[in-house]
Student: 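Mind having a look at this structure? Questions to follow.
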There are 2 protein chains.
Amino acid sequence: MSDAAPDLRVERKPKLSETVVAAIRRQLQAGEILPGHKLPTEGQLTETFGVSRTVIREALAKLAADGLVEPRQGAGVFVTEHISTVFGALAADMGAKDSVALNVLEVRLAVEIESAGLAAIRRNAAQEAAIQEAFFEFERLLLDSQPTGPADLAFHRAIASATNNPFYVEMLDVLGRRAIPCDVTSPWSTELVQSDDYQRGLQREHLVILNAITAGDAEAAREAMRAHLGASQQRYRERLQARQAYYANSVKAAAGE
Amino acid sequence: MSDAAPDLRVERKPKLSETVVAAIRRQLQAGEILPGHKLPTEGQLTETFGVSRTVIREALAKLAADGLVEPRQGAGVFVTEHISTVFGALAADMGAKDSVALNVLEVRLAVEIESAGLAAIRRNAAQEAAIQEAFFEFERLLLDSQPTGPADLAFHRAIASATNNPFYVEMLDVLGRRAIPCDVTSPWSTELVQSDDYQRGLQREHLVILNAITAGDAEAAREAMRAHLGASQQRYRERLQARQAYYANSVKAAAGE
DNA sequence: CGTTCAAAAGTCATCATACAACAATCCAAT
DNA sequence: ATTGGATTGTTGTATGATGACTTTTGAACG
């Protein structure tokens, strides 16, 4: 035995219960079943998913372990009040204003900084591999001059995931979707986001983070992430000003002559 | 709305799988089975614990969900290379629900640390006064031997408010309601929370934070807040362990003699 | 002797069924 | 109208069987 060649490849076939977990997770996140309400019974889920009750139960156990649902014997399985729901409602009303977006980005900054520190300490081999994978994916896309947004997001998610605290991931999902400036597809952002310089800069900062995490240095990881997101914040602010100036000119142009 | 009374009281009867999870966790923590090695087969565990294979599988699924073990079809269930650190040992000692609370507390930690740093930079005079006010209120209540919980909360809220980013406050409200250990009304917490030593310790830590903020030193404020909440986390963890020991004894007493 | 390959044994993954424990509901008797 | 028990729905646990995958064994072959 010994060198069993851990084989970091992550292609293993998904267990049935995992697919069920993913499906139910999606439904919960989409708000198809509201907090406090009851899930379909195990029997019903058995039918809808076409798997045995064993698999359903395993999936529910996993969801319960993450605190998403709470089974009560004799009554049913209920959706717990969850952070994301609160923030979902909270974040719903703030897509409009950019100053708000900046504030949210700032909260995300707090979460991600700590996230990086924890990841440096707690990551396991597979999680570290996932982070590196996202990093190299970014690199590859950059060389191909393809949009790097998804890889950037994957990088951050991998780090959040490496904290082994599911709430960090959830938090990032909720905050990120609204505040991540990297993958917004707006007319004024494309030319900036797609510039090579910009993306090279991002990747440089990513590298520092990655190194700190692989080195297991929490303090350095936090600092690197702080620098990265601080810079992002700054870039976003500049872009905002540029946009405002643009609009101001438009208005002036439209009014003046 | 609602206040459906999440009711952190933990009086529910433990499921069989949970006792099995606890037992195996203990063994793992004690190092009776080393990382990389194989656990007894499901059949063997069935015999040693005197429960059905269903229960064993559910327990293993839970352990796998926490990343402590990794089942490989056809081969066996193996102990994962430990995510070094406290976390493994930490997660090893507690039931699912408690770990959820701790995870939320951890997110709150991230938010509050950054919050302190921003408060140190951005606070205005009135906000600084509000923080001090909460601090002295705590002091006063302490001398009067009155419950200090509200003042503690006010202190943290004042800091969040001093960031001038309303989302930090909302964040704290949402997270705090779930994870603040100060105001839980459980039999085992009262004597601890109300002890003068405990509260004196809190206040000492508060003072360090306050000084850093008034000095405008963001770095120091963050460090102080990190120390404060880290200590809180530690205290919470200890209380959980005490509680579990309590339950273990109850069970032993009820069963043994 | 060393290598290769197929069969066999061991083990987890899933399925199907049944019963026990508990909770919510309904209904009759008071 | 209230109480109390019976009924039903749901989760918790037990049991047995089958499929899929991994490891080991051992024989055949060079």
Side-chain angles (χ1 to χ4, degrees), chain A residues 1-24 33 36-80, chain B residues 4-5 7 9-24 33 36-80 95-97 251 254:
Chain A
M1 54 116 179
S2 62
D3 324 60
D7 195 7
L8 288 196
R9 308 283 298 275
V10 201
E11 291 184 21
R12 82 177 199 287
K13 156 191 149 192
K15 297 208 306 184
L16 286 186
S17 65
E18 289 174 359
T19 72
V20 173
V21 165
I24 297 182
I33 311 172
H37 286 193
K38 194 167 79 70
L39 260 66
T41 71
E42 295 179 350
Q44 289 171 320
L45 290 174
T46 295
E47 285 188 1
T48 62
F49 284 103
V51 297
S52 80
R53 196 170 156 225
T54 307
V55 175
I56 296 294
R57 280 192 60 79
E58 199 161 311
L60 290 179
K62 205 165 195 173
L63 291 172
D66 284 353
L68 285 166
V69 301
E70 176 185 5
R72 295 211 304 257
Q73 179 169 330
V77 180
F78 296 83
V79 182
T80 59
Chain B
D7 199 4
R9 311 273 299 273
V10 196
E11 293 181 18
R12 80 181 198 288
K13 160 191 146 193
K15 298 205 307 186
L16 283 186
S17 65
E18 288 175 0
T19 71
V20 173
V21 166
I24 297 182
I33 310 173
H37 286 193
K38 193 168 81 70
L39 261 65
T41 71
E42 295 180 351
Q44 290 171 318
L45 290 175
T46 295
E47 285 188 1
T48 61
F49 283 104
V51 297
S52 81
R53 193 160 151 253
T54 309
V55 175
I56 296 295
R57 278 194 61 79
E58 199 159 313
L60 291 178
K62 213 164 196 172
L63 290 171
D66 284 354
L68 289 171
V69 302
E70 177 184 3
R72 295 212 306 257
Q73 178 169 327
V77 181
F78 297 83
V79 182
T80 58
K97 250 192 170 169
V251 171

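Bear in mind the structure is a predicted one, so any value in this text is a computation, not a measurement. Note on naming: letters A, B, ... go to the chains in the order of the sequence lines (proteins, then strands), and numbering restarts at 1 for each one.
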Student: Write down the atom of A:E58, the atom of B:A61, and the distance for their closest heavy-atom approach.
Tutor: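 Heavy-atom minimum between the residues: CG-CB, 3.9 Å.
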Student: Considering only heavy atoms from C-beta outward, does the side chain of B:I24 approach that of B:L39 to under 4.5 Å?
Tutor: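 Yes, close enough: below the 4.5 Å cut-off.
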Student: Tell me the interatomic distance from B:R57, atom CZ, to C:dT14, atom C1', rounded to whole angstroms.
Tutor: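 Rounded to the whole Å, the gap is 8 Å.
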Student: Please name the pair of heavy atoms, one in B:I33 and one in B:K38, separated by the smallest distance, quoted to 0.1 Å.
Tutor: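 Where B:I33 meets B:K38 most closely, the heavy atoms are CG2-O, 4.1 Å.
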Student: Between protein and nucleotides 14-16 of chain D, what N or O pairs are separated by less than 3.5 Å?
Tutor:
from   : atom 1 : to    : atom 2 : distance (Å)
D:dA14 : OP2    : B:S52 : N      : 2.7
D:dA14 : OP2    : B:S52 : OG     : 2.8
D:dA14 : N7     : B:T54 : OG1    : 3.1

Student: Check every strand shown and say whether B:E58 touches a base, only sugar-phosphate, or nothing at a heavy-atom separation below 4.0 Å.
Tutor: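 Result for B:E58 = nothing.
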Student: For A:K38 and C:dC22, give me the distance from atom NZ to atom P, rounded to whole Å.
Tutor: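 Taking atom P of C:dC22 as the reference, NZ of A:K38 is at 19 Å.
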Student: Give, for atom CZ of B:R53 and atom CG of B:L60, the distance between the pair rounded to the nearest 0.5 Å.
Tutor: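 It comes to 10.0 Å.
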Student: By side chain to side chain contact (heavy atoms under 4.5 Å, CB included), which residues pair with B:S52, not counting sequence neighbours?
Tutor: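 Checked B:S52 against side chain to side chain contact (heavy atoms under 4.5 Å, CB included); matches are B:T54, B:V55.
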Student: I need the CG-C1' distance between A:L45 and D:dT10, as an integer number of Å.
Tutor: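 That distance rounds to 12 Å.
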Student: Roughly how many Å is it from CD in B:E70 to P in C:dC12, rounded to a whole number?
Tutor: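 Computing the B:E70:CD to C:dC12:P distance gives 13 Å.
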Student: Under 3.5 Å, is there a donor-acceptor pair between the side chain of A:T80 and the main chain of A:G67?
Tutor: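 Answer holds: yes.
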Student: Just how far is it from atom CZ of B:R57 to atom CZ of A:R57, taken to the nearest 0.5 Å?
Tutor: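 That separation rounds to 12.5 Å.
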Student: Using whole Å, report how far CD of A:Q73 lies from P of D:dG9.
Tutor: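 Checked: the CD to P distance equals 17 Å.
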Student: Starting at atom CD of B:Q44, determine the distance to atom C1' of C:dT11, rounded to an integer number of angstrom.
Tutor: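 It is 11 Å, rounded to the nearest whole Å.
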Student: CZ of A:F49 to CG of A:L16: how many Å apart, nearest 0.5 Å?
Tutor: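 Answer for the CZ-CG pair, A:F49 versus A:L16, is 11.5 Å.
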Student: Measure NZ/B:K62 against C1'/D:dG12 and give the value in whole Å, please.
Tutor: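 Answer to the nearest Å: 13 Å.
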Student: Can you tell me how far OG1 of B:T41 sits from CD of B:E47, rounded to the nearest 0.5 angstrom?
Tutor: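 Answer for the CD-OG1 pair, B:E47 versus B:T41, is 8.5 Å.
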Student: From the list D:dC21, D:dT22, D:dT11, which nucleotide is the closest neighbour of the side chain of B:A75?
Tutor: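 Nucleotide nearest to B:A75's side chain: D:dT22.
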Student: Taking five pairs at each end, how big is the angle between the two axes of the helix from C:dC1-D:dG30 to C:dT30-D:dA1, to 10°?
Tutor: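 Here the local axes at opposite ends form an angle of 10°.
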Student: If I take atom CD in residue B:E18 and atom C1' in nucleotide D:dG12, what distance separates them, rounded to the nearest angstrom?
Tutor: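 Atom CD in B:E18 sits about 12 Å away from atom C1' in D:dG12.
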Student: So, does B:R72 get its side chain near the phosphate of D:dT22, meaning an N or O under 4.0 Å from OP1 or OP2?
Tutor: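 B:R72 to D:dT22 OP1/OP2: no side-chain N or O under 4.0 Å.
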